[in-house]
There are 2 protein chains.
Amino acid sequence: MSCSEEYTPQLRARGYRMTPQRHAILHVLCHSGIHLSPTQVYQQAVKELPDITETTVYRTLEFLAENGLAYPAHMGSGHLGYQIARNDHHHLVCRNCGKEMEVDHALVKSMYQKLESASGYKLTDSHVTFFGLCSNCK
Amino acid sequence: MSCSEEYTPQLRARGYRMTPQRHAILHVLCHSGIHLSPTQVYQQAVKELPDITETTVYRTLEFLAENGLAYPAHMGSGHLGYQIARNDHHHLVCRNCGKEMEVDHALVKSMYQKLESASGYKLTDSHVTFFGLCSNCK
DNA sequence: TTCCTTATTGCAACTTTTTGCAATAGTATG
DNA sequence: CATACTATTGCAAAAAGTTGCAATAAGGAA
Ligand SMILES: [Mn+2]
Ligand SMILES: [Mn+2]
Ligand SMILES: [Zn+2]
Ligand SMILES: [Zn+2]
């Protein structure tokens with residue numbers, strides 16, 4: 001019944017394994033929904049799995065991002081946060097007050113296509129953070 | 001004659017000071033042109049200014065970015081690099097081979113405007129890293 | 001030039017993140 | 001169920017990045 005169950009076959013199919021640590025971390029990400037720092041993930045996960053280590057959290061978050069199960073996000077601090085992968089979206093962050101807002105990928109899809117045809121690249125990541133000033137701060 | 005001279009009046013005008021450390025760091029950034037990690041900047045700067053410390057390099061790079069003299073860049077690793085601020089541009093990075101390419105801001109300007117009118121934000125940072133697969137790897 | 005204000009630096013302690021390697025434990029197979 | 005293979009983990013040490021605070025020095029004013 002844990003939301004992390006659904007990921008087991010995805011991992012197996014690629015030759016990876018489902019472990020209690022990955023369960024715990026996926027569980028944390030699923031039930032939060034928002035971006036969490038590795039430390040925040042660790043603090044939540046260790047409640048469920050007292051033996052989990054920070055090292056494993058860092059490695060697992062990177063692993064999940066590489067395999068498309070989590071989105072890495074550049075937070076205001078310049079550090080990475082992570083979020084369970086669901087709908088394609090991007091973020092706007094206010095440089096002044098930190099206020100954050102999600103925008104659907106559809107809004108920038110045509111720009112992605114323009115970039116692709118101009119560069120020859122195929123853009124894979126649909127989770128970008130744009131910085132600016134929010135309506136209050138500008 | 002050092003490229004860093006031109007920044008002195010900009011700093012003074014805002015109540016900041018030009019120091020040998022800032023000279024050295026701006027010099028490194030100017031003559032590199034490309035994105036450098038804080039460690040790389042330190043290793044170059046310490047050759048010119050043996051007493052400079054890593055702490056100062058971290059603080060100075062953040063300071064220069066906040067004041068628009070340097071662009072912070074999210075490198076493939078997820079860590080921050082820095083580059084002297086010149087022409088507005090963005091980056092495409094290949095997730096597979098790491099190949100990097102610059103694209104002019106003009107190419108995404110209309111999308112920035114679309115995002116601004118849809119969100120109410122004023123987008124200030126014109127130095128974004130997009131990830132994908134290059135023409136060879138896709 | 002000298003004095004004064006305070007922005008900036010260096011140091012030391014601390015936190016966060018990364019890495020190598022040996023021990024552990026998923027899971028496929030018989 | 002037992003065995004083998006190797007992906008994954010934990011540990012310890014190292015590297016990278018941050019923070020508080022006292023000492024230093026840039027640069028405006030006299
Ligand atoms: Mn997100
Ligand atoms: Mn750049
Ligand atoms: Zn704001
Ligand atoms: Zn490539």
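Chain letters run A, B, ... following the sequence lines, proteins first, then strands; residues in each count from 1. Model, not experiment: these values are computed from the prediction.
- To the nearest angstrom, P of dA16(D) lies 15 Å from CG of L36(B).
- Checking the phosphate oxygens (OP1, OP2) of dT18(C), a side-chain nitrogen or oxygen of H79(B) falls inside 4.0 Å.
- Close to dA7(D), at under 4.0 Å from its OP1 or OP2, lies no side-chain N or O of T19(A).
- The shortest distance between the side-chain N/O atoms of R17(B) and the OP1/OP2 oxygens of dT6(C) is not below 4.0 Å.
- No close placement of the H90(B) and H127(B) rings is indicated, their centers lying 6.0 Å or farther apart.
- Between I52(B) and S77(B), the residue anchored closer to the 5' end of DNA chain C is I52(B), taking for each the nucleotide with the nearest heavy atom.
- Rounding to the nearest 0.5 Å places OG1 of T53(A) at 7.5 Å from CD of Q21(A).
- T56(A) has a side-chain polar atom (N or O) that falls below the 4.0 Å cut-off from OP1 or OP2 of dG10(D).
- Remark: Y16(B) is not in phosphate contact with dA7(C), judged by side-chain N or O atoms under 4.0 Å from OP1 or OP2.
- At a threshold of 4.0 angstrom between heavy atoms, the contacts of T55(A) include nucleobase atoms, whether or not backbone atoms are also involved.
- Remark: the backbone N or O of H74(B) is paired with a side-chain donor or acceptor of T129(B) at under 3.5 angstrom.
- Residue contacts shown for Q21(A) are limited to sugar-phosphate atoms, with no base heavy atom under 4.0 Å away.
- In this structure, S37(B) does not reach the dA16(D) phosphate: none of its side-chain N or O atoms is under 4.0 Å from OP1 or OP2.
- Residue side chain R59(A) reaches the base of dG10(D) through a donor-acceptor N/O pair under 3.5 Å, judged by distance alone.
- Y58(B) belongs to no hydrophobic cluster, as no Ile, Leu, Val, Met, Phe, Trp or Tyr side chain comes under 4.5 Å of its own.
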